[in-house]
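Following: one structure in structure tokens, then a few remarks.
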Amino acid sequence: MTRIRISPVTRLNGFWSVEVEVKDGQVVDARSSGIFFRGLELILMGRDPRDAGYLTERICGICSSAHATASALGLEDAFGLTVPANGVLLRNLIFGGDLLQNHLRHFYLMTLPDFVQGPDRPPFIPRYEADYRFTERESENLYQHYLEQLEMSRKSHEMTVLFGGKIPHTHGILAGGGTVPPDADKVRQFGAMLDQVSRFIEEKMVPDAYLLADRYPEYFEVGEGYRNLISYGMFQEPGTPGERVFKGGTVIDGQAGELDPDKITEQVTRSWYADDKPLHPARGRTIPAPGKEEGYSWVKAPRYNGLPFETGPLARLWLRGDYRRGYAAMDRLLARVLEARLVASLMKKWLAALDPGQPVFQSYELPDSGEGVGLTGAMRGALGHWFRMKGRRLTAYQVVTPSAWNLSPRDDGGQPGPVEKALLGTPIADPKNPIEIGRVIRSYDPCLACAAHIVFLQGEKRVFKI
Ligand code: NFE
Ligand code: MG
């Protein structure tokens with residue numbers, strides 16, 4: 001038995017430790033540990049609910065517009081607001097641009113270095129000695145696209161800035177709608193950049209993804225998870241903002257089902273939090289317990305109907321019927337790339353539908369008390385914000401992120417989290433160069449800043465005041 005610990009895992013946001021046991025060339029046990037504590041939910045207590053969007057955006061610099069969206073949806077739910085069509089379109093365009101930036105960057109910057117050697121200089125060295133299968137010519141091409149992608153992901157972010165003021169941590173998404181009235185000049189600039197990014201996705205990223213799949217076909221088997229998928233839906237329908245363009249739902253071993261948000265809980269038996277039973281996020285708590293013996297992660301364990309579910313582009317495309325080949329590492333990678341192409345084409349329609357001169361925002365009076373939930377799709381999957389307020393101040397706020405679903409530790413019943421499960425059976429050719437682990441775990445596009453939402457240094461005692 002060989003034990004391999006990768007800590008912290010590189011090429012992702014935040015601090016993550018993955019430990020596996022290898023026997024007879026295969027992973028037989030795996031543990032996913034979020035090794036830093038954020039406590040963003042505690043920071044929100046006593047604040048004006050209208051600030052929740054700006055504060056929760058700080059959970060993460062790469063999916064900030066998703067947190068802004070979830071927070072806005074939660075407040076709109078509590079206050080009974082209906083966002084005007086122009087406001088929905090603006091928000092879809094801001095979030096869409098951010099999603100494109102994330103998906104572009106994940107495929108080229110995070111994923112490809114696990115499969116392509118790259119030039120013999122940093123950041124491509126040091127690297128694992130492994131089965132790099134592309135020809136020299138293909139590797140050079142992919143490296144060129146890697147560099148072009150930097151320009152494309154910058155343009156995607158510039159798009160979001162036109163309607164969102166800044167990125168990350170946009171000011172353009174808030175309860176009631178958007179903030180930047182569209183005009184012909186902004187629409188034209190946005191459209192020109194969107195055309196360039198769409199062309200890159202269509203002509204380079206999609207073919208590159210299929211080439212990758214062609215060279216590494218075993219990853220259509222390796223890294224298969226529970227075959228349970230969950231999505232809360234993504235992008236409001238502009239005319240009917242209660243509806244979603246990507247519908248929410250669940251898939252259990254190929255069977256699609258309706259989403260019932262009452263069945264969501266978080267469990268913390270193996271997480272460094274003090275609770276002893278599963279709690280629905282509307283009644284959830286964040287009580288850090290860093291000394292807890294049986295804990296091994298700062299990530300809680302979200303479960304649906306008591307079961308682990310994975311979330312992300314694969315879940316969303318599966319529910320749309322756009323991608324249903326399988327549930328393994330390569331399926332996740334392909335679904336993410338195909339989702340980028342789909343979102344870019346939807347954004348063209350949303351841009352054309354903007355109506356300069358029409359309102360972008362519904363104003364409202366802040367009520368004294370209330371409660372609400374904002375469920376949406378972040379780039380990495382299902383994102384929910386649940387809150388309560390009293391005396392115009394927040395009294396409870398719980399965030400459950402996609403990476404918490406995917407990277408969660410074992411739960412009350414001992415069931416491994418989705419990534420832990422997906423690692424089981426992964427063949428490791430050389431324990432000194434365990435590149436296969438990276439290929440499986442990065443297929444989820446992990447983000448620990450979100451998952452663990454004060455760094456806790458091992459061996460040092462910290463007292464948390466709450
Ligand atoms: Ni920090 Fe995030 C996204 C959220 S977590 S990246 O997408 O919510 O997975
Ligand atoms: Mg949380």
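Each ligand, and each atom within it, is numbered from 1 in the order the structure gives.
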*Give the numbers and elements of all ligand 1 atoms closer than 4.0 Å to a heavy atom of Met379.*
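Per the distance check, 7 (O).
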*asked:* Only heavy atoms of Leu383, strictly under 4.0 Å: list the atoms of ligand 1 that pass.
replied: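 By the 4.0 Å cutoff, the relevant atoms are 8 (O).
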_Cation over ring face, Arg31 and Tyr296, 6.0 Å, 45°_ =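 Yes, cation above the ring, under 6.0 Å and within 45°.
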*asked:* I'd like to verify the contacts: list protein N, O or S atoms under a distance of 2.8 Å from atom 1 (Ni) of ligand 1.
replied: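 Less than 2.8 Å away from atom 1 (Ni) of ligand 1 sit Cys60 SG, Cys447 SG, Cys450 SG.
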I'd like to know if [X] and [Y] make a salt bridge, using a cut-off of under 4.0 Å between side-chain N and carboxylate O.
X      : Y      : answer
Glu237 : Lys349 : no
Asp29  : Arg410 : yes
Arg285 : Asp275 : yes
Glu202 : Arg199 : no
Asp114 : Arg442 : yes

*asked:* Any N/O/S atom from Val399 (main chain or side chain) under 2.8 Å of the Mg ion (ligand 2)?
replied: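 True for Val399.
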*Using a cut-off of strictly less than 2.8 Å, determine whether Glu266 has an N/O/S atom near the Mg ion (ligand 2).*
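It does not; every qualifying atom lies at 2.8 Å or beyond.
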*Verify the neighbour count for atom CD of Glu294: are there more than 12 heavy atoms of other residues, nucleotides or ligands below 6.0 Å?*
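Counting other residues, nucleotides and ligands, CD of Glu294 exceeds 12 neighbours.
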*Atom of Glu41 closest to the Mg ion (ligand 2), considering N, O or S atoms*: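 Per the distance ranking, Glu41 contributes OE2 as its closest N/O/S atom to the Mg ion (ligand 2).
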*Taking the six-membered ring for Trp, is the centroid-to-centroid distance between Trp405 and Tyr304 below 6.0 Å?*
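Ring centroids of Trp405 and Tyr304 are no less than 6.0 Å from each other.
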